Amino acid sequence: MKTRLILLCLALAPVVLAKKFTDEEKPAWAKKDIRDYSEADLERLLDQWDANEDPLEPDELPEHLRPQAKLDLSNLDSKNPEDLLKVSKKGRTLMTFVSVTGNPTREEGETITKLWQTSLWNNHIQAERYMVDDNRAIFLFKDGAQAWEAKDFLVEQDRCKGVSIENKEYPGVHAKDEL
């Protein structure tokens, strides 16, 4: 019986002790109708909402707010600038442009680039593919370091005219000079 009485008191305590502000006790901005809030009021409300929230883990932050990884330059070959680019793009999103040789139709270009994308995925290189023209596609890599591994694969393909990473062109091995 005592336990029930204690549980009843504990259940009723928040209801009894809960305080509702009267209009006189509220700050001026809180008395407004929500439809009349200004940008400053909404910003203040957001700050109050986020006040007691724990900060996000670094891997949960948007990419532009994540701390930059420390580069270990001691293991890099100073004569190979691609290694430095590869290390600096690790964990960052990177886009590459890939061109198909000849004058393919939209469907043919999609088929060829889809095959390349599938081959990359089979090699554990995650790439999103977006067609920007009949003979040109963007490959988007969530981990920029994978772009150079993908480039090595793509330039070896029969129908690859070239790959562009960070404004540097890498011509396809089997592509003839097209003017």
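None of the values given here were measured: they were computed from a predicted structure. Counting from 1, the numbers follow the sequence of the chain as shown.
With sequence neighbours excluded, no residue forms a side-chain hydrogen bond (donor to acceptor under 3.5 Å, both in side chains) with T3. The side-chain hydrogen bond (donor to acceptor under 3.5 Å, both in side chains) search around R136 returns S99, not counting sequence neighbours. With sequence neighbours left out, the side-chain hydrogen bond (donor to acceptor under 3.5 Å, both in side chains) criterion links S119 to no other residue. Residues satisfying the side-chain hydrogen bond (donor to acceptor under 3.5 Å, both in side chains) criterion with E128, sequence neighbours excluded, are absent altogether.
Between D47 and R44 there is no salt bridge, since no side-chain N of the basic residue sits under 4.0 Å from a carboxylate O of the acidic one.
Summarising the geometry of P104 relative to D134, their closest heavy-atom pair is O-CB, 3.5 Å, with the distance given to 0.1 Å. L120 approaches A127 most closely through the heavy-atom pair CD1-CB, 4.4 Å.
For the atom pair OG1 (T118) and CG (N122), the distance works out to 7.0 Å, reported to the nearest 0.5 Å. Taking OG1 of T101 as the reference point, atom CG of D158 lies at 8.5 Å (rounded to 0.5 Å). For the atom pair I138 CD1 and M131 CE, the distance stands at 10.5 Å (nearest 0.5 Å).
Residue F141 is grouped with residue Y170 when hydrophobic side chains (ILVMFWY) are merged at heavy-atom distances under 4.5 angstrom, including chains of intermediate members. Note on F97 and L140: same hydrophobic cluster, where clusters join Ile, Leu, Val, Met, Phe, Trp and Tyr whose side-chain heavy atoms are under 4.5 Å apart, directly or indirectly. Under the 4.5 Å side-chain heavy-atom criterion for Ile, Leu, Val, Met, Phe, Trp and Tyr, M95 and Y130 are members of the same hydrophobic cluster.
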*asked:* Walk me through whether E166 and L94 qualify under side chain to side chain contact (heavy atoms under 4.5 Å, CB included).
replied: CA-CA 8 Å; E166 293 287 304; L94 183 70; 3.0 Å; yes

*Worked check of side chain to side chain contact (heavy atoms under 4.5 Å, CB included) between K161 and V100*: CA-CA 5 Å; K161 179 179 179 181; V100 180; over 6 Å; no

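Results of the salt bridge (charged side-chain N to carboxylate O under 4.0 Å, His left out) test with D143 over K86, K90, R92 single out K90 as the only residue that passes.
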Under 3.5 Å donor-acceptor pairs involving side-chain atoms of residues 105-115, not counting sequence neighbours:
residue, atom, partner, partner atom, Å
T105, OG1, E108, N, 3.1
R106, NH1, D133, O, 3.4
E108, OE2, R159, NH1, 3.1
T111, OG1, E107, O, 2.8
T113, OG1, G109, O, 2.9
T113, OG1, E110, O, 3.3
T113, OG1, R129, NH1, 3.4

Please list, one pair per line, the donor and acceptor atoms closer than 3.5 Å that link side chains of residues 147-157 to other protein atoms, with sequence neighbours excluded.
residue, atom, partner, partner atom, Å
Q157, NE2, F153, O, 3.1

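Checked by atom type and distance alone, the side chain of Q146 pairs as donor or acceptor with a backbone atom of Q126 at under 3.5 Å. Checked by atom type and distance alone, the side chain of N123 never pairs as donor or acceptor with a backbone atom of I125 at under 3.5 Å.
With a 6.0 Å radius and a threshold of 12 heavy atoms from other residues, nucleotides or ligands, D36 has its CG atom above the threshold.
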